[in-house]
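Positions are given from 1, in the same order as the sequence printed here.
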Amino acid sequence: MASSLTTTSAGTPGSEKTFFGHPRGLATLFMTEMWERFSYYGMRALLVLYLVSGGADAATGSQGGGLAMTAATATAIYSVYVSMVYLMAMPGGWFGDRVWGARKTVAIAGFVIMAGHASLAIPGQAMFFVGLALVAAGSGLLKANISTMVGHLYDGPDDPRRDGGFTLFYVGINLGAFVAPFVVGTVGEKVNWHLGFALAAVGMGLGLIQFLLGTKNLSAKSNVVPNPLSPAERKGILVKVSLVVLLAAAFYGVVVAMGMYTLNWALVPITLAGLIIPVAVLVRIKRDKDLDKTEQSKMTGYIWFFVAAAIFWMIYDQGGSTLSLFADDKTADTVFGFGFPATWYQSLNPLFVMALAPVFAWLWLWLARRNQEPNTIVKFAMGLVLVGASFFVFVVPMNMAGGGDKVSPMWLVSIYMIQTIGELCLSPVGLSVTTKMAPQKYASQMMGVWFLAVTAGDCTTGLLSLAGVDLNGTGIIAMQATLAVAAGIAIYMYRKKVQGLMGSVH
């Protein structure tokens, strides 16, 4: 599968084949990530619509067979699920570094994700939640390690091919995400929900097969455990994990036996953990006495970026919940007489990323040559203002649809485009500033800390839904928009203070 994308490198006859001039192993990782994103975004496009299917908040005329939940509960489950995917990236990296090595961890992750999608393909609420847990755990294991394996293909950070390799890898991510709603989404929404989930399992299965076949092209480093656990450490961890599992089982056993169990008994603790853990991690790093004065200052500055990112993702990730429900129920499903399912809107973001990312890369370079490129703080402020503006725009079609009318699809196209422009201002810059401001002691862990901002943002959305806040109402949409714009303005106004904390980082 990957070999069709390879070319023979320039040089002597019989020279090693490459993938667009890059190590051939990049083809293996490109295809693995593409199929994993295909399965993930396909399932994500169906998730909220499946949850409300057959219930009061389902669109008129939509198929049944779902779990008949309210929009609020569906949004909470979706938000908790997405937050757990990013939360699991930290233990996923730990497994790669200390237990299995990156290559073995990715292989195991593929099996876990495939099993999760297969579980979702089996009707029933119990299997649904088992499937979600498996996909979240597997995605976390894979996300943390596959990018590391891309880095292993090159001769250190100074290899001139390195940035281009990650760019190609990024294309694979968005290509899989773009295609998935057209295939998985269409079959799931229009034919059968569980058949759609089964297609997601097939996609991950294809990715896993070609990964296992292509491991011979990967760097030997990916098979090494960099910092293996000692026998004493392994025993201690097993004891602690077993104790936590037993306590949780005993607690929930009592709750079930007393007839008190509801879904909130699971969702609320997970949501609170998703808020507490990011704060605890930041506090632990900030209070570490091994950090010198400069590193302490940078961590204080980094907290500004972390909070800003959490607010951004709180709104942005509602593209798969609040916006998806609006698309299903209150947006016209035809353009020029051509009908399409609501899941297709989930292809807009990866489409806009692939179209606009090269434009932004050129724009920043063009401005840099004229000494006019906005610094990191200003780009973050732009991202927040734009994602807030997208929800201010969202208020308009929400009011238009208040009487039961269907609004033009172009409203959602515009909203997703504004959000994607905001993402391109904030997300790549956030990844970069994370590596630049990371204390030396936590250099390998800080990328996981950055993903925790997504966890915090999505858990905030989940907690609001669980508290009974109607996230599909114009009032709360306007409040979130105001919060994001205000946060963007605040960062811009305090940019000199934040820059002082950042030291030499720009």
Side-chain angles (χ1 to χ4, degrees), residues 86 147 157 162-163 166-167 170 278 281-282 285-286 291-317 352-353 356-390 418-440 442-457 483-506:
Y86 287 91
S147 294
R162 187 182 180 92
D163 287 351
F166 274 99
T167 300
Y170 193 60
V281 170
L282 286 173
I285 296 175
K286 186 71 180 67
L291 304 189
D292 59 32
K293 186 177 179 180
T294 300
E295 290 176 324
Q296 285 283 359
S297 177
K298 288 180 179 179
M299 279 306 302
T300 301
Y302 185 75
I303 290 172
W304 282 76
F305 294 110
F306 186 92
V307 173
I311 295 171
F312 178 89
W313 296 116
M314 178 184 72
I315 295 176
Y316 181 89
D317 274 344
F352 288 141
V353 168
L356 296 176
V359 176
F360 271 76
W362 170 84
L363 177 63
W364 299 141
L365 287 174
W366 184 79
L367 290 172
R369 285 195 294 267
R370 288 158 177 75
N371 294 319
Q372 294 177 338
E373 183 186 5
N375 64 22
T376 299
I377 304 166
V378 175
K379 290 176 182 177
F380 255 74
M382 291 166 60
L384 280 168
V385 170
L386 284 165
V387 81
S390 75
I418 295 169
Q419 291 188 349
T420 301
I421 295 172
E423 178 194 3
L424 292 171
C425 288
L426 182 142
S427 184
V429 177
L431 292 168
S432 177
V433 80
T434 297
T435 60
K436 292 176 181 177
M437 296 178 69
Q440 185 62 35
Y442 296 98
S444 62
Q445 298 179 39
M446 283 299 288
M447 200 56 69
V449 175
W450 168 252
F451 288 138
L452 289 180
V454 186
T455 298
L483 172 64
V485 171
I489 293 172
I491 286 180
Y492 182 79
M493 291 180 64
Y494 284 90
R495 64 190 182 280
K496 292 184 179 178
K497 177 180 180 180
V498 178
Q499 186 61 66
L501 293 168
M502 294 170 67
S504 59
V505 176
H506 296 286

Query raised in the report: At their closest point, which heavy atom of Leu384 faces which heavy atom of Phe312, and how far apart are they?
Result: CD2-N, 3.9 Å
Report summary line: What one should report as the nearest heavy-atom pair of Arg495 and Val378 is CD-CG2, 4.4 Å
Report task. Quick one: closest heavy-atom pair of Glu423 and Pro428, and the distance? Result -> O-CD, 3.3 Å
Query raised in the report: Do other residues, nucleotides or ligands put more than 12 heavy atoms under 6.0 Å from the OH atom of Tyr494?
Result: no
Requested in this report: Dump the intermediate steps for side-chain contact (heavy atoms from CB on, under 4.5 Å) on Trp450 and Val433, then the final yes or no.
Outcome: CA-CA 10 Å; Trp450 168 252; Val433 80; 5.6 Å; no
Query - Ala357 versus Leu424, closest heavy-atom pair with distance - result: N-CD1, 3.9 Å
**Report entry** Side chain to side chain, Lys436 and Lys298, heavy atoms closer than 4.5 Å
**Finding:** no
**Report entry** Met314 CE to Leu483 CG distance, which is reported to the nearest 0.5 Å
**Finding:** 5.0 Å
Report task. Could you tell me how the ring of Phe306 sits relative to the ring of Tyr302: parallel (under 30°), tilted (30 to 60°) or perpendicular (over 60°)? Result -> tilted
Query - Interatomic distance, Ile285 atom CD1 to Met299 atom CE [nearest 0.5 angstrom] - result: 5.0 Å
Query raised in the report: Ile491 versus Val498: any side-chain heavy-atom pair under 4.5 Å?
Result: no
Requested in this report: Any chance you could measure Gln372, atom CD, to Trp366, atom CH2, to the nearest 0.5 Å?
Outcome: 6.5 Å
Query raised in the report: Heavy atoms, side chains only, cut-off 4.5 Å: are Phe305 and Met502 in contact?
Result: yes
Report task. Answer yes if the ring centres of Trp313 and Tyr86 are under 6.0 angstrom apart, and no otherwise. Result -> no
Query raised in the report: Can you name the closest pair of heavy atoms from Ile315 and Ala484 and give their distance?
Result: CD1-CB, 3.6 Å
Query - OH on Tyr316 to OG1 on Thr420, rounded to 0.5 Å - result: 5.0 Å
Query - Intermediate values then yes/no, side-chain contact (heavy atoms from CB on, under 4.5 Å), Thr434 and Val449 - result: CA-CA 9 Å; Thr434 297; Val449 175; 5.9 Å; no
Report task. Can you sort out the partners of Val385 under side chain to side chain contact (heavy atoms under 4.5 Å, CB included), two or more places apart, ordered by chain and number? Result -> none
Query raised in the report: Between Cys425 and Met382, which heavy-atom pair has the shortest distance, and what is it?
Result: SG-CE, 3.9 Å
Query - Main-chain N/O of Ala438 paired to Glu295 side chain as donor or acceptor, under 3.5 Å - result: no
Requested in this report: Find out whether Leu501 and Trp304 are in side-chain contact, i.e. whether some heavy atom of one side chain is under 4.5 Å from a heavy atom of the other.
Outcome: yes
Requested in this report: Verify, without hydrogens or angle tests, whether Ser297 (side chain) and Thr294 (backbone) share a donor-acceptor contact under 3.5 angstrom.
Outcome: no
Query - Gap separating the CG atom of Leu363 from the CD atom of Glu373, nearest 0.5 angstrom - result: 8.5 Å
**Report entry** Met493 CE to Ile377 CD1 distance, which is reported to the nearest 0.5 Å
**Finding:** 14.0 Å
